[in-house]
Amino acid sequence: MRIKIGENADENAPVVALEDRGAVPTVAAYDNIILGYPVQFSNAPKMVRDLITENAALWNGKNVLCLVTMGAFSGDGAGCTARLLKKCGATVLGGLHIKMPDSVCDSKLLKKSADENMLIINRAEEKIGRTVLRMKSGKFPRDGLGVFAHAAGLFGQRLWFYSKTNHYSNKLKINKTLCTGCGKCVRVCPMKNLTVENGAVSPHGKCTMCYRCVSLCPQKAITLIGDEVVEQYRFENFRR
Ligand SMILES: Cc1cc2nc3c(=O)[nH]c(=O)nc-3n(C[C@H](O)[C@H](O)[C@H](O)COP(=O)(O)O)c2cc1C
Ligand code: SF4
Ligand code: SF4
């Protein structure tokens, strides 16, 4: 989705995945950026924080809207990158938290029905629509940016789960009996964390917990937080 920010915004501004080689040059080419990511324990994924800090000079002078998706609660999910971006010299235009169907597909606890997920998507679209209208009149959302959100994120989650988001994860589990060595997980991993050797997949401790491989493995051979794949999520499952 493209959102027009400001009077001189480029309607054809590109959407680029953070892991793409073109991400850094694309950010460099534009003044107004929407940085989107899923919240993890009221923090930004390690990959997102690394992209900011390892390219600190890139953000100097940029205007950034932090757009965060969440399963339920994200505290200061937008604030986490907002603070990093400000240190790099960026102006934070706003923060937007959007509830989406949960991607953690190896836990029964978080599983919702297709109807419930459709409702969540409809509400997300409505919130985005309302927000875009307000942004056109110069009013930017402040989700996750205030002092109360900071305290909620820090004391509600980040302090207790810091060990999970401080490093890349080495907790990915591959069921070698189920794995056929097809290589699909290797191709979708944004971290190049997976390799196939002698017909079996191995993780290399650099997982940013995106859940792509867990959701896409045809054999349901990969788990991360849970121990069994309950349902693999596909965006098209929920289209009207
Ligand atoms: C490791 C991990 C931690 C997560 N922590 C949170 C959290 O603290 N709060 C929350 O609401 N959702 C949490 N989620 C759920 C994701 O944020 C959610 O699935 C995602 O935003 C869905 O949106 P997407 O369609 O952009 O992936 C977590 C997911 C993972 C994989
Ligand atoms: S996608 Fe699944 S079956 Fe294919 S190589 Fe990866 S773990 Fe094995
Ligand atoms: S969840 Fe899978 S695809 Fe995502 S970073 Fe980890 S290993 Fe790669």
Side-chain angles (χ1 to χ4, degrees), residues 36-49 67-81 96-127 143-144 148-179 184-185 188-191 193-194 201 203 205-239:
Y37 53 89
V39 76
Q40 292 180 349
F41 305 113
S42 289
N43 207 344
K46 175 91 169 97
M47 179 199 179
V48 177
R49 289 180 283 137
L67 169 58
V68 180
T69 58
M70 59 183 176
F73 163 81
S74 48
D76 56 341
C80 287
T81 53
L96 180 59
H97 289 180
I98 301 285
K99 190 170 173 183
M100 286 294 282
D102 206 298
S103 60
V104 182
C105 55
D106 56 359
S107 165
K108 279 194 180 126
L109 193 70
L110 300 167
K111 189 178 168 336
K112 294 194 177 66
S113 70
D115 283 348
E116 285 171 312
N117 281 332
M118 192 69 240
L119 195 63
I120 290 170
I121 290 173
N122 287 342
R123 286 188 180 141
E125 284 181 345
E126 281 163 24
K127 181 166 181 182
D143 296 350
F148 291 113
H150 192 164
L154 184 63
F155 297 113
Q157 277 191 307
R158 209 160 43 256
L159 274 180
W160 320 112
F161 296 110
Y162 194 57
S163 62
K164 293 195 187 296
T165 52
N166 194 23
H167 304 287
Y168 288 108
S169 174
N170 60 1
K171 304 283 185 217
L172 202 78
K173 301 168 286 263
I174 314 275
N175 183 328
K176 304 253 175 187
T177 312
L178 293 176
C179 173
K184 192 164 186 179
C185 55
V188 297
C189 177
M191 295 302 303
N193 178 46
L194 302 166
V201 166
K206 222 191 164 200
C207 173
T208 194
M209 301 190 287
C210 74
Y211 264 80
R212 279 187 204 172
C213 61
V214 185
S215 252
L216 291 171
C217 169
Q219 295 296 112
K220 298 186 179 173
I222 312 178
T223 51
L224 179 54
I225 291 176
D227 292 317
E228 189 190 352
V229 177
V230 182
E231 182 174 355
Q232 291 170 304
Y233 294 116
R234 302 268 186 284
F235 182 71
E236 60 269 24
N237 283 352
F238 304 114
R239 296 314 297 172

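Each residue takes its place number in the sequence, starting with 1. Below, all heavy atoms of this structure are taken into account, side chains as well, without hydrogens, waters or symmetry copies.
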Measure the shortest side-chain to side-chain distance between Ser103 and Thr69 over non-hydrogen atoms and say whether it is less than 4.5 angstrom. no
Filter on salt bridge (charged side-chain N to carboxylate O under 4.0 Å, His left out), then keep only pairs touching residues 151-170, sequence neighbours left out; what's left? Asp76-Arg158
Do Ile121 and Pro101 have side chains that get closer than 4.5 Å, going by heavy atoms? yes
Grab the two heavy atoms, one from Leu224 and one from Ser169, that are nearest each other, plus how far apart they are. CD1-OG, 4.0 Å
Quick one: side chains of residues 37-44, donor-acceptor pairs under 3.5 Å with protein atoms, not counting sequence neighbours, listed by atom name and distance.
from, atom 1, to, atom 2, distance (Å)
Tyr37, OH, Gly77, O, 2.6
Tyr37, OH, Thr81, OG1, 2.7
Gln40, NE2, Thr208, O, 3.1
Gln40, NE2, Met209, O, 3.1
Ser42, OG, Gln157, OE1, 2.6
Asn43, ND2, Thr165, OG1, 3.4

What pair of heavy atoms forms the shortest contact from Met47 to Met191, and how long is it? CG-SD, 3.8 Å
Can you name the side-chain contact (heavy atoms from CB on, under 4.5 Å) partners of Ala152, sequence neighbours left out? Phe73
Closest approach of Ala124 to Lys99 (non-hydrogen atoms, all atoms of both residues): CB-O, 3.7 Å
Set of residues satisfying side-chain contact (heavy atoms from CB on, under 4.5 Å) with respect to Asn166, sequence neighbours excluded: Tyr162
One pair to check against side chain to side chain contact (heavy atoms under 4.5 Å, CB included): Ser215 and Cys105. What are the steps and the verdict? CA-CA 7 Å; Ser215 252; Cys105 55; 3.6 Å; yes
Residues Ile222 and Val214: closest non-hydrogen pair is O-CG1, 3.2 Å
More than 12 non-hydrogen atoms from neighbouring residues, nucleotides or ligands closer than 6.0 Å to NZ on Lys173, yes or no? yes
Taking only residues two or more places apart in sequence or in another chain, which ones pass side-chain contact (heavy atoms from CB on, under 4.5 Å) with Glu116? Lys112, Ser113
Which pair of heavy atoms, one from Ile174 and one from Cys179, lies closest together, and at what distance? CG2-CB, 4.3 Å
Minimum heavy-atom separation for Pro218 to Lys184, with atom names? CD-CD, 4.2 Å
Show me the pairs that pass side-chain hydrogen bond (donor to acceptor under 3.5 Å, both in side chains) and involve residues 216-227, at least two apart or across chains. none
Evaluation steps, side chain to side chain contact (heavy atoms under 4.5 Å, CB included), between Cys217 and Leu178: CA-CA 10 Å; Cys217 169; Leu178 293 176; over 6 Å; no
Min side-chain heavy-atom separation Asp106-Val104 under 4.5 Å: yes
